[in-house]
Number of protein chains: 2
Amino acid sequence: MARYFTTKNISLDILRRHIERIVTLTDEEFSLISSHFTAQQFQKKQFVFRPQERVPFVYFILSGLTVLVHLDDNGQEHILSFAMEDWWETDLGAFLHQRHATMGLYCLEDTAMLKLSLDGYNTICSRVPKMERFFLAKANGGHIASQQRILSFQMVDAKLRYQWFLERYPFLVQRISKTVLASYLGVSRETLSRLSRSR
Amino acid sequence: MARYFTTKNISLDILRRHIERIVTLTDEEFSLISSHFTAQQFQKKQFVFRPQERVPFVYFILSGLTVLVHLDDNGQEHILSFAMEDWWETDLGAFLHQRHATMGLYCLEDTAMLKLSLDGYNTICSRVPKMERFFLAKANGGHIASQQRILSFQMVDAKLRYQWFLERYPFLVQRISKTVLASYLGVSRETLSRLSRSR
DNA sequence: TTCAAATAGTGACAAATGTCACAAGCCTCC
DNA sequence: GGAGGCTTGTGACATTTGTCACTATTTGAA
């Protein structure tokens, strides 16, 4: 039991440091905020949520590695984004509008998260208004990152996208399979295999 | 002069209705908000801002049609998004972080806008905190739209992207050239030409 | 350890797309 | 009305990428 509380407190420390990079908080404010988060663990190859399910939470990742995955009509998987330590992830549309998920959140590694419900999210925003600024900063950051990724699809061929990925996320390349990387880059596994050979 | 004020007031009515779809405002709140906006007109083929320039404003479009364009090292243009009546547009990264633009905002038609500076944006957010919720809603909407577009690049070939565009934006198809559409879809002009022929 | 499943590499071929070149049609401005 | 510019369509060909089939290697679980 002691171990449990220790772990939980460490998690909350990580969360607080993360938030305070954007807005500063009093102890009271943070204790109100943190009361809405719940810790949860997932194992490698587990889904946090699947397509078609409800998505009651947004997840703050403490450790591990997940992918946000879309399955198309042919059963093919497409990876929208990776999320790891210190990142927030969810199916944003499904979470905010309380709809069924169009994507799934899948763990590539054992992953520890703090989850926050929409109610908790709204309560936090109304009780600690500056948290709206925090979430706004995160949303803007996500939007900017998505635009960069759109550009990478329009501008450059698969080979250059691969090289960019190597430069930008060298630490990730170690942790994921080529199949997963191919799905993120939007090319077939075979094509990626040839790209990594020819340069 | 009378004409000018009339036009301006109509513009502000549009803005108010737009905001009040998300949050309700008192007259005092709206007058504080609107005092930070300035009307500006652009002609067809004009740049609102170019790559490498500063982007001091976010723009709310009253009428007309613009594209957010990126120029790559080969001088090729790639269209990130269209923006028309009732949409917000800017180079978000450049605006928020006061950096040089990586994209340009170009008018495909004569366009009327209301512009808002970062100072004005921050003032509005601190004086009328619920506006932070409004901007958060817009940012989230933009993020969700960008993710959809990433999926469209990963999932489907150019032909299907073209058909989706036809279904989703039939009104836009009337207003833009095939060359511009090709750049948005991420294919060459010639390929698009062949797609529209074969169905 | 051993066997099955997952992962990765590769060759052959087909399909999709880009690039280059050219011509036809349309619009605008003088 | 004509000249020039912009847009569009199209053919020929090269390149890229996907798909399929097969094999080798690694991983994981019994």
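Naming convention: chains lettered A, B, ... in sequence-line order (proteins, then strands); numbering from 1 in each chain.
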A/His18 and A/Trp88 aromatic ring geometry - parallel, tilted or perpendicular at 30°/60° bounds: tilted
Base of D/dT16 paired with side chain of A/Arg161 (donor-acceptor, under 3.5 Å): no
Any side-chain heavy-atom pair of B/His78 and B/Tyr184 under 4.5 Å: no
Enclosure of A/Arg168 CZ (heavy-atom neighbours >12, cutoff 6.0 Å): no
Short N-O contact, B/Asp86 and B/Arg21, less than 4.0 angstrom: yes
Below 4.0 Å: OP1/OP2 of D/dG18 and any side-chain N or O of A/Ser188: yes
For nucleotides 5-9 of chain D, give me every protein contact, N/O to N/O, under 3.5 Å, one pair per line with atom names.
| from | atom 1 | to | atom 2 | distance (Å) |
| --- | --- | --- | --- | --- |
| D/dT8 | OP1 | B/Lys178 | N | 3.0 |
| D/dT8 | OP2 | B/Lys178 | N | 3.0 |
| D/dT8 | OP2 | B/Thr179 | N | 3.1 |
| D/dT8 | OP2 | B/Thr179 | OG1 | 3.2 |
| D/dG9 | OP2 | B/Ser193 | OG | 3.4 |
| D/dG9 | N7 | B/Arg189 | NH1 | 3.1 |
| D/dG9 | O6 | B/Arg189 | NH2 | 3.2 |

Atom-pair distance (CZ on A/Phe153; C1' on D/dT17), nearest Å: 14 Å
Heavy-atom check, side chain of B/Glu29 versus side chain of B/Arg127, under 4.5 Å: no
Test item: A/Ile19 and A/Met131 side chains (from C-beta on) under 4.5 Å apart, heavy atoms: yes
Residue A/Lys44, side-chain heavy atoms: nucleotide from D/dG11, D/dT17, D/dG28 that is nearest: D/dG28
A/Lys159 NZ to D/dT17 P, straight-line distance once rounded to whole Å: 9 Å
Residue list, salt bridge (Lys or Arg N to Asp or Glu O under 4.0 Å) with A/Glu20, at least two apart or on another chain: A/Arg16
Nucleotides bounding contact with chain B, strand DNA chain C, heavy-atom threshold 4.0 Å: C/dT17 to C/dA21
Flag side-chain contact, heavy atom, 4.5 Å: A/Leu108 against A/Thr66: no
Interatomic distance where CD belongs to A/Gln76 and P belongs to D/dC20 [whole Å]: 10 Å
